[in-house]
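FYI, side chains are in, hydrogens and waters are out, and symmetry mates aren't considered; it's all heavy atoms of this structure. Heads up: numbering here begins at 1 and tracks the sequence. Note that this is a predicted model, so its numbers are computed, not measured.
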Amino acid sequence: MRKSTHSPEYAALRERLAGLRREAGFTQRDLGQSLGVPHSWVAKVESGERRIDLVEFGWVCLACGASPSDEAAALLAQVAGPRRRPPARRGGRR
């Protein structure tokens, strides 16, 4: 399986997180302060330099006043398309 951080789906995630921040009226510095992290953390997440996990995704959504479950569902609907499936596994154990 390829690394998801270099996929169009991950780019959509980063774009959505930046959009949530802007819709909330936050600068990267504002959001960092709200989350208790340096503003550079926010910049690195939005640029793809730093990977974000599911829990952090939830924290960002909540800090921006959005529902993590609604945002995740919308993002998955956007990137999955009607019949898209993940790439097939190659070798390895099952």
Where do [X] and [Y] come nearest, in terms of heavy atoms and distance?
| X | Y | answer |
| --- | --- | --- |
| C64 | L31 | SG-CD1, 4.0 Å |
| A66 | L20 | CB-CD2, 3.8 Å |
| C61 | S67 | CB-C, 4.4 Å |

Residues forming a side-chain contact (heavy atoms from CB on, under 4.5 Å) with E56, sequence neighbours excluded = W41, R50, I52, D53, W59
Scan E46, E9, E71 and name whichever one has a salt bridge (Lys or Arg N to Asp or Glu O under 4.0 Å) with R16.
-> E71
Would a distance-only check, ignoring hydrogens and angles, find a side-chain to backbone donor-acceptor pair under 3.5 Å from R21 to F26?
-> yes
Are any side-chain N or O atoms of S47 and backbone N or O atoms of A43, one a donor and one an acceptor, separated by less than 3.5 Å?
-> yes
Atom pair CG (L75) and CZ (F57), whose distance is rounded to the nearest 0.5 Å | 6.0 Å
Once you round to the nearest 0.5 Å, how far does NZ of K44 lie from CD of Q28?
-> 12.0 Å
Consider only side-chain heavy atoms of I, L, V, M, F, W and Y, link residues closer than 4.5 Å, and tell whether V55 and L62 are in one cluster.
-> no
Counting only heavy atoms not in E23, do more than 12 fall under 6.0 Å of its CD?
-> yes
